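Data first, discussion second: the structure below is written as structure tokens.
Reminder, nothing fancy here: chain letters follow the sequence lines and each chain counts from 1. Predicted model, so just to flag it, every value in this text is computed and none were measured.
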Number of protein chains: 2
Amino acid sequence: MQDKYSLLRQHIEEIVSITDEEWHFVKSHFEFKSYKKHQFLIQAGQAVDFEYWIIKGLVKAYSIDDKGKEHILQFAMENYWVSDHCAFQHQEPGTIFVDCLEDSAFFCLSLENREKICFKVPAMANFFRIKSNHGYINLQQRILSLLTMTAESRYAYLLNKLPQLVQRVPKKLIAAYLGVSRETLSRFNN
Amino acid sequence: MQDKYSLLRQHIEEIVSITDEEWHFVKSHFEFKSYKKHQFLIQAGQAVDFEYWIIKGLVKAYSIDDKGKEHILQFAMENYWVSDHCAFQHQEPGTIFVDCLEDSAFFCLSLENREKICFKVPAMANFFRIKSNHGYINLQQRILSLLTMTAESRYAYLLNKLPQLVQRVPKKLIAAYLGVSRETLSRFNN
DNA sequence: AATTAAAATTGATCTACATCACATTAAATT
DNA sequence: AATTTAATGTGATGTAGATCAATTTTAATT
């Protein structure tokens with residue numbers, strides 16, 4: 001049964017162990033969806049129904065400022081989790097956009113279902129705790145990079161850390177992620 | 001029994017419910033410590049033994065760049081959690097400093113003890129999961145503020161969000177938190 | 001209270017990076 | 001293959017904020 005569900009179970013069992021019975025329960029709370037390139041998972045102003053675990057594909061999460069400029073909060077690809085976590089958590093209208101840079105497939109988890117599985121299956125509470133902790137650590141490092149590094153060294157750092165991402169994504173989006181204009185990025189090294 | 005331990009229990013029970021028995025178990029895994037102003041909880045290059053829950057006081061978590069300049073990752077006061085989470089999680093030498101801006105008191109939790117209580121008391125796994133999630137959301141908002149706002153509007157935003165912090169802390173540290181020089185900060189508004 | 005040290009202000013100058021404008025190249029779409 | 005659309009590159013110029021330097025104000029410490 002090497003179907004798409006088994007990928008999710010593998011992802012979970014890299015962090016915690018769950019029994020077949022628990023997995024059966026957990027599995028039933030996820031919903032599969034797939035989207036084409038350019039389609040939106042989340043739009044500012046609208047309800048945020050899910051957190052998305054990415055089976056396949058690549059998305060960007062971003063906000064648009066008053067001048068219409070795009071600022072990228074996150075790129076998310078296979079095995080990443082993405083949502084407008086703030087709006088999702090508080091069940092408020094979203095403030096950011098999430099759309100697909102490639103055709104993509106997801107397992108979707110509602111807030112209600114997430115809380116159900118976390119309180120019914122303790123291992124899942126630990127799974128999300130540990131995942132969330134890793135996410136927190138990553139964001140702290142990004143904040144430090146924004147405070148301490150020049151745009152050019154942030155670019156060098158990203159090239160080193162996620163070379164495949166820089167290949168997979170137009171440079172103007174890399175610029176919007178690094179907090180630099182695309183013109184300036186284009187003037188950096190090679 | 002309105003001692004310092006009851007504050008911690010209150011803090012936990014704002015998020016999840018635990019029985020007296022569970023609390024007894026949890027409580028025994030925390031260690032109380034207090035530090036004077038200017039003392040270090042964590043220093044770059046040294047082991048990071050704990051996560052700290054702040055009972056009383058105020059600390060800053062920061063890194064020092066190659067030019068000796070200080071960049072503040074976090075201010076933490078009563079009811080906040082603070083550590084070098086990255087080093088703590090991986091049990092590696094720290095890369096940041098955490099020191100006290102005021103005389104402070106803490107409950108300290110080792111990694112081993114954190115995992116023990118999370119796997120023994122499911123409610124605690126949920127407590128840390130939910131706390132970590134909130135932290136993640138806050139950091140995302142800070143990243144967006146660094147990407148989208150000018151230094152001046154970041155300052156206005158902070159003044160509005162945490163006015164008491166801005167009172168409690170020298171402005172040059174506020175500058176180091178916002179990612180702006182103290183001279184520039186001093187030229188803003190009122 | 002006196003002394004020392006730290007914090008905040010203010011001016012002058014410098015620089016990393018933004019913005020604007022337009023040319024070039026590459027990738028979608030018909 | 002031809003046409004449209006998006007991505008990238010490059011020069012010229014502008015600006016938010018940095019850095020340097022010196023002064024004033026405020027807070028610690030003896």
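Ion pair R129(B)/E115(A) flagged as a salt bridge, since at least one NZ, NE, NH1 or NH2 atom sits closer than 4.0 Å to an Asp/Glu carboxylate oxygen. Between K33(B) and E31(B) there is a salt bridge, with a side-chain nitrogen of the basic residue lying less than 4.0 Å from a carboxylate oxygen of the acidic one. Between D20(A) and K27(A) there is no salt bridge, since no side-chain nitrogen of the basic residue lies less than 4.0 Å from a carboxylate oxygen of the acidic one. The existence of a salt bridge linking K56(B) and E78(B) is excluded, since no basic side-chain nitrogen approaches an acidic carboxylate oxygen closer than 4.0 Å. Of the charged side-chain nitrogens involved, none lies within less than 4.0 Å of a carboxylate oxygen, so that E70(B) and K172(B) do not count as a salt-bridged pair. At a threshold of 4.0 Å, the pair E22(B)-K120(B) does not count as salt-bridged, since none of the basic side-chain nitrogens sits closer than that to a carboxylate oxygen.
Between F188(A) atom CZ and dG9(D) atom P there is a gap of 12 Å when expressed in whole angstrom units. Following rounding to the nearest Å, L185(B) (CG) and dA16(D) (P) show an atom-to-atom distance of 17 Å. One interatomic measurement links the two molecules: CZ of R187(A) to P of dT24(C), which rounds to 16 Å at whole-angstrom precision. Rounded to an integer number of Å, the gap from CG of D65(A) to P of dA18(C) is 13 Å. Regarding K67(A), its NZ atom lies at a distance of 12 Å from the P atom of dA18(C), rounded to whole Å. Rounded to an integer number of Å, the gap from H38(B) NE2 to dA27(D) C1' is 11 Å. One can place OH of Y155(A) at 18 Å from C1' of dA16(C), the figure rounded to the nearest angstrom. Put simply, CG on D103(B) is 12 Å from P on dA28(D), counting in whole angstrom units.
For the OP1/OP2 pair of dA18(D) and a distance below 4.0 Å, the side-chain nitrogens and oxygens of K69(B) include no atom meeting the criterion.
The ring of Y5(A) has its center closer than 6.0 angstrom to the ring center of F107(A). In summary, the aromatic rings of W81(B) and Y136(A) are positioned with their centroids too far apart to meet the 6.0 Å limit.
Less than 4.0 Å separates DNA chain C from at least one heavy atom of each of the following residues of residues 166-184 of chain A: G179(A), V180(A), S181(A), E183(A), T184(A).
Across the interface with DNA chain D, nearest-nucleotide mapping of A151(B) and K37(B) shows A151(B) to be the residue nearer the 5′ end.
Not counting sequence neighbours, the partners of Y62(A) by the ring-ring contact (aromatic ring centres under 6.0 Å, His included) test are F97(A).
For DNA chain C, runs of at least 3 consecutive pairs of the Watson-Crick or G-U wobble type, with both hydrogen-bonding distances under 3.5 angstrom, map to C:3-28 with D:3-28.
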